[in-house]
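Here is the structure we will look at, set down as structure tokens.
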Amino acid sequence: MAMMEHDREGFGLARNDRRRRGVYLLPGAFTVGNLLCGFYAVLAALQGGTAQLDYAARAIGFAILFDAFDGFIARMTHTNTDFGKQFDSLADMVSFGMAPSVLAYAWGVQVMMQSDGTEGRYVHQLAWLVCLAFVICCAWRLARFNVHGMAPGGLRYFVGMPTPAAAGVIAATVHAAGEPLLDWRWSLAWLGLILLVAALMVSSIRFPSFKDLPWARRQHSLWYIAAALLVGSIIKYSEVVLMLIAGGYLVTGLSLHVVRLVRHRLISRTA
């Protein structure tokens, strides 16, 4: 009888261990999906053409979703590991570093260089430096996050613009605008935006993380209606809605930083 109980206990432990391994594999599967989308985005951007560039932008958008679900599932199931953390960072380097920089170059400079003369060549020389700076800043941002983590005081804020949001600005702009840039003046403005986003990644400006929200608790039914409306609007009007989300997040981080600076100066004056 004791032997049977011991066998049952051992079988139960083995079954729980298999379930645990399955839970650990689930976040990794989403990380692989993130990496796959980033790899596809690079290949599509290299092919050029309006349709392929839009496919690349969409792939980066799906990579952002996979990355979000990866972290969410890992936190909810308490399956965060050092290996998963490093694997996720390497995938992010491809999807949110290399892929958006190649897309930014192919959409904003490559076609223009073929139509404009001397100005186009000068912009081309500047473009590869700007896109390289974006990749370096992305790697810097990921390394800093792996070492220091979130901003002090909890999970409310990131230090610097997160890499998925930075890549989302590029992907949303390409998806919304459609046709590649043909005027070197617009290309210069585009490179300026890329430099701004790259600088925000390595800055000390705090951006909302939304990790402190009680996602696992029961929510009011209005939240489900709002989520359904958001998903429907993205499907129907993806160009406008995604651009508003990406731009709104960027503006929110900058606005909150300005508010903190003003508040800090007011406090220092009254002290």
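Quick note: numbers below take in every heavy atom, side chains included, and nothing from hydrogens, waters or symmetry partners.
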Other residues, nucleotides, ligands: >12 heavy atoms within 6.0 Å of [X] [atom1]:
X: Met98; atom1: CE; result: no
X: Phe145; atom1: CZ; result: yes
X: Phe87; atom1: CZ; result: yes

Euclidean distance, [Y] [atom2] relative to [X] [atom1], rounded to 0.5 Å:
X: Arg263; Y: Leu256; atom1: CZ; atom2: CG; result: 9.0 Å
X: Cys37; Y: Ile64; atom1: SG; atom2: CD1; result: 10.0 Å
X: Leu90; Y: Ser95; atom1: CG; atom2: OG; result: 11.0 Å
X: Phe207; Y: Thr252; atom1: CZ; atom2: OG1; result: 9.0 Å
X: Asp54; Y: Arg58; atom1: CG; atom2: CZ; result: 4.5 Å
X: Arg141; Y: Met201; atom1: CZ; atom2: CE; result: 9.0 Å

Just so I know, are the side chains of [X] and [Y] near enough to count as touching, which here means a heavy-atom distance under 4.5 Å?
X: Tyr122; Y: Trp184; result: no
X: Lys85; Y: Asn146; result: yes
X: Tyr105; Y: His124; result: yes
X: Leu142; Y: Met93; result: yes
X: Pro180; Y: Leu53; result: yes
X: Pro162; Y: Tyr249; result: yes

For [X] and [Y], which heavy atoms make the closest approach, and how far apart are they?
X: Gly178; Y: Trp107; answer: O-NE1, 3.2 Å
X: His175; Y: Ser238; answer: NE2-OG, 2.8 Å
X: Ala56; Y: Ala45; answer: CB-N, 3.9 Å
X: Ile205; Y: Gly253; answer: CG2-O, 3.7 Å
X: Phe96; Y: Ala63; answer: CZ-O, 3.7 Å
X: Ile170; Y: Pro100; answer: CG2-O, 3.7 Å

Determine, step by step, whether Leu103 and Ile60 satisfy the side-chain contact (heavy atoms from CB on, under 4.5 Å) criterion, reporting the C-alpha distance in whole Å, the side-chain angles of both residues, the deciding distance to 0.1 Å, and the verdict. CA-CA 10 Å; Leu103 175 62; Ile60 293 174; 3.9 Å; yes
Only distances under 3.5 Å count here; give the side-chain donor-acceptor pairs of residues 186-196 to other protein atoms, sequence neighbours excluded, each with its distance to 0.1 Å.
| residue | atom | partner | partner atom | Å |
| --- | --- | --- | --- | --- |
| Ser187 | OG | Gly108 | O | 2.6 |
| Ser187 | OG | Asp183 | O | 3.3 |
| Trp190 | NE1 | Ala104 | O | 3.0 |

Please tell me whether [X] and [Y] are part of a single hydrophobic cluster in this structure, the criterion being side-chain heavy atoms less than 4.5 Å apart.
X: Val130; Y: Val102; result: no
X: Leu181; Y: Val174; result: yes
X: Tyr237; Y: Leu242; result: yes
X: Tyr40; Y: Val42; result: no
X: Trp140; Y: Leu200; result: no

Thr163-Asp92 side chain donor-acceptor pair, cut-off 3.5 Å: no
Test side-chain contact (heavy atoms from CB on, under 4.5 Å) on His148 and Val159; report intermediate values, then the result. CA-CA 9 Å; His148 298 293; Val159 179; over 6 Å; no
Take Met161 and Ser203 through the test side-chain contact (heavy atoms from CB on, under 4.5 Å) and record every step on the way to the result. CA-CA 8 Å; Met161 191 175 193; Ser203 70; over 6 Å; no
Among Val231, Ile234, Ile235, which residue meets the side chain to side chain contact (heavy atoms under 4.5 Å, CB included) test with Val241?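 Among Val231, Ile234, Ile235, the one that satisfies the side chain to side chain contact (heavy atoms under 4.5 Å, CB included) with Val241 is Ile234.
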Name the one of Asn34, Leu36, Leu35, Val32 that satisfies side chain to side chain contact (heavy atoms under 4.5 Å, CB included) with Phe66?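 Result: among Asn34, Leu36, Leu35, Val32, Asn34 is the only option passing the side chain to side chain contact (heavy atoms under 4.5 Å, CB included) with Phe66.
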Please test Ile136 against Val202 for side-chain contact (heavy atoms from CB on, under 4.5 Å), starting from the C-alpha separation and ending with a verdict. CA-CA 10 Å; Ile136 293 174; Val202 297; over 6 Å; no
